[in-house]
Number of protein chains: 2
Amino acid sequence: MENQNISDIIESYLKQILAESQQVEIRRAEIANQFNVVPSQINYVIKTRFTIQDGYVVQSKRGGGGYIRIEKVKLLDNLDFIDSLVTAVGDRISRHDSLSVVRSLFEAGAINRSEANIILAAINKDAINTGDRQADEQIRAQILISILNHLRYES
Amino acid sequence: MENQNISDIIESYLKQILAESQQVEIRRAEIANQFNVVPSQINYVIKTRFTIQDGYVVQSKRGGGGYIRIEKVKLLDNLDFIDSLVTAVGDRISRHDSLSVVRSLFEAGAINRSEANIILAAINKDAINTGDRQADEQIRAQILISILNHLRYES
DNA sequence: ATAATATTAGTCAACATTAGTCAAGAACAC
DNA sequence: GTGTTCTTGACTAATGTTGACTAATATTAT
């Protein structure tokens, strides 16, 4: 049933480690070799699956002894956390990134599963579809920010 | 029963799988090839025969390892009620009228207070404000309908 | 110390691989 | 005949893969 591409597999591998450890440190070339992909694909995986919206912070160093370190971010108290999400949303946000925001809210305990699902219904493609992508991304951002601001005092 | 068109046949094929499994995941091109139709016909079949009214939720992903996943969901017993609200919302809805819709949902027990508040945050003036009143009313309608459709089933 | 070289990771654009949309015409039902 | 449903394909969009080139850091040679 699971029809996975290699990026998904690498993502799973890293998240499996992160499930038991606060952080994971890799050598890019080594992982690339292990999964038989070009090194830059590791950057792609990180860029698309380990963003701050997803709750990860990435640090790296080049040169001899270089590394990429992925750290699962500790959720601050709710207010700072919501601030950081508001910043992350900004003036406009893609559908993909907005999913990460909702997931982060859920994982932080700011919303429960049914609340998350309602928010997802409010920002999905059926809900926001004016025909102008940029307009859609702006509306999506405004809705998310309105909800985030509501969550500031509700919770 | 005799003269089934190809869309009906593809529908049967998928529903046969769904009779034994909660969900089915396909590669569009593969199924199209199997039934000797163009890929977009699969979209047609899904759009006309696997709607939320029928009790199906569809998700998909493009790119390498892409898929279309059809999930059979358990519909709740509030369908007529939801239908009536969807009709009431229509193509566009004023802010004032949308408050009534949310109130109805709350009073019917379809949502609790914090869910209601999230929905209100999603459709209030801060959230939806393009400068064009008619556009705002259309967006508000789409968001509400998307949420209403979500409330049809257990998730 | 400084320069040269080696060893890492980062960026970006081209290409590949999927699914989605839309509108025109065909087939069908009445 | 008319209106609806079905079929098709051209075009679009999203996502993934690859490799050439760049940048940063460490190590070695002088």
Side-chain angles (χ1 to χ4, degrees), chain A residues 2-14 24-51 54 57-71 92-100 124-137 140, chain B residues 1-14 24-51 54 57-71 142:
Chain A
E2 295 311 320
N3 171 21
Q4 287 192 314
N5 55 55
I6 190 70
S7 289
D8 287 340
I9 293 169
I10 295 169
E11 174 191 5
S12 302
Y13 170 78
L14 295 172
V24 55
E25 187 172 305
I26 62 173
R27 251 181 273 142
R28 187 180 76 152
E30 194 174 274
I31 297 295
N33 191 58
Q34 182 176 329
F35 289 96
N36 205 37
V37 297
V38 296
S40 61
Q41 179 137 13
I42 307 306
N43 297 86
Y44 175 74
V45 170
I46 287 171
K47 195 172 153 192
T48 54
R49 291 150 163 90
F50 293 89
T51 68
D54 295 311
V57 168
V58 179
Q59 297 167 301
S60 65
K61 199 170 91 168
R62 309 186 194 187
Y67 58 83
I68 299 177
R69 183 161 50 220
I70 305 173
E71 189 184 352
R92 68 177 71 115
I93 187 169
S94 70
R95 234 181 95 255
H96 178 270
D97 287 349
S98 67
L99 299 188
S100 299
N124 77 13
K125 202 177 42 169
D126 295 329
I128 303 177
N129 185 8
T130 65
D132 173 348
R133 173 160 33 178
Q134 187 157 316
D136 287 351
E137 295 195 339
R140 196 181 291 114
Chain B
M1 212 48 135
E2 294 298 311
N3 262 343
Q4 283 194 315
N5 58 48
I6 189 68
S7 289
D8 288 339
I9 293 170
I10 295 169
E11 174 190 5
S12 302
Y13 170 78
L14 294 172
V24 55
E25 188 173 304
I26 62 172
R27 254 182 266 141
R28 187 180 75 151
E30 197 174 89
I31 298 295
N33 191 57
Q34 183 175 328
F35 289 95
N36 206 36
V37 297
V38 295
S40 62
Q41 179 135 13
I42 307 305
N43 297 87
Y44 175 75
V45 171
I46 287 172
K47 195 170 152 194
T48 54
R49 291 149 162 90
F50 293 88
T51 69
D54 299 316
V57 169
V58 179
Q59 296 170 297
S60 66
K61 197 168 99 168
R62 309 186 195 186
Y67 58 81
I68 299 176
R69 183 160 50 220
I70 306 173
E71 187 188 357
Q142 288 178 307

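For the numbers below, each heavy atom of this structure counts, side chains included, while hydrogens, waters and symmetry mates do not.
Between B:Asp8 and B:Arg49 a salt bridge is recorded (basic side-chain N to carboxylate O distance below 4.0 Å). Between A:Arg140 and A:Asp97 no salt bridge is recorded (no basic side-chain N to carboxylate O distance below 4.0 Å).
Residue B:Tyr44 places its side chain closer to D:dT7 than to any other of D:dT17, D:dT7, D:dT22. Closest contact between the side chain of A:Val38 and the listed nucleotides D:dT18, D:dT7, C:dG10 involves D:dT18. Closest to the side chain of A:Ser60, out of C:dG10, D:dT17, C:dA19, is C:dG10. For B:Ile6, whose side chain is taken as the heavy atoms from C-beta onward, the closest listed nucleotide among D:dT7, D:dG16, D:dT12 is D:dT7.
In this model, a side-chain donor or acceptor of A:Arg28 finds a partner on the base of C:dG10 within 3.5 Å. Between the side chain of B:Ser40 and the base of D:dG9, at least one donor-acceptor pair of N or O atoms lies under 3.5 Å.
Between the CG atom of A:Asp132 and the P atom of D:dA13 there is a distance of 12 Å, given to the nearest Å. Following rounding to the nearest Å, B:Gln4 (CD) and C:dA29 (P) show an atom-to-atom distance of 13 Å. Protein atom NZ of A:Lys125 is 14 Å distant from nucleotide atom C1' of D:dT15, rounded to whole Å. One can place CG of A:Asp136 at 15 Å from C1' of C:dG20, the figure rounded to the nearest angstrom. The CZ-P distance, from B:Phe50 to C:dG20, rounds to 14 Å in whole Å. Rounded to whole angstrom, the span from the CG atom of B:Asn43 across to the C1' atom of D:dC11 amounts to 14 Å. One can place CD of B:Gln41 at 18 Å from P of C:dA23, the figure rounded to the nearest angstrom. A:Asn5 places its CG atom 11 Å from the P atom of D:dT18, with the value rounded to the nearest Å.
Residue B:Arg49 is in sugar-phosphate contact alone, with no base atom involved, counting any heavy-atom pair closer than 4.0 Å across all strands shown. Residue A:Ile42 is classed as having no contact, given no heavy-atom separation below 4.0 Å to the nucleic acid.
Taking 4.0 angstrom as the limit, A:Arg133 places a side-chain polar atom (N or O) nearer than this to OP1 or OP2 of D:dA14. For D:dG16, one of the phosphate oxygens OP1 or OP2 lies less than 4.0 angstrom from a side-chain nitrogen or oxygen of B:Lys61. Look at B:Lys47 and you won't find any side-chain N or O under 4.0 angstrom from OP1 or OP2 of C:dG20.
A:Tyr67 is not listed as a side-chain neighbour of A:Ile26, based on a closest heavy-atom distance of 4.5 Å or more.
Nucleotides of DNA chain D nearest to A:Gly64 and B:Val45 differ in position, and the one nearer the 5' end is that of B:Val45.
Not one N or O on the side chain of A:Asp54 forms a donor-acceptor pair closer than 3.5 Å with the backbone of A:Ser100.
Between the CD1 atom in A:Ile42 and the CD1 atom in A:Ile68 there is a gap of 7.5 Å [rounded to 0.5 Å].
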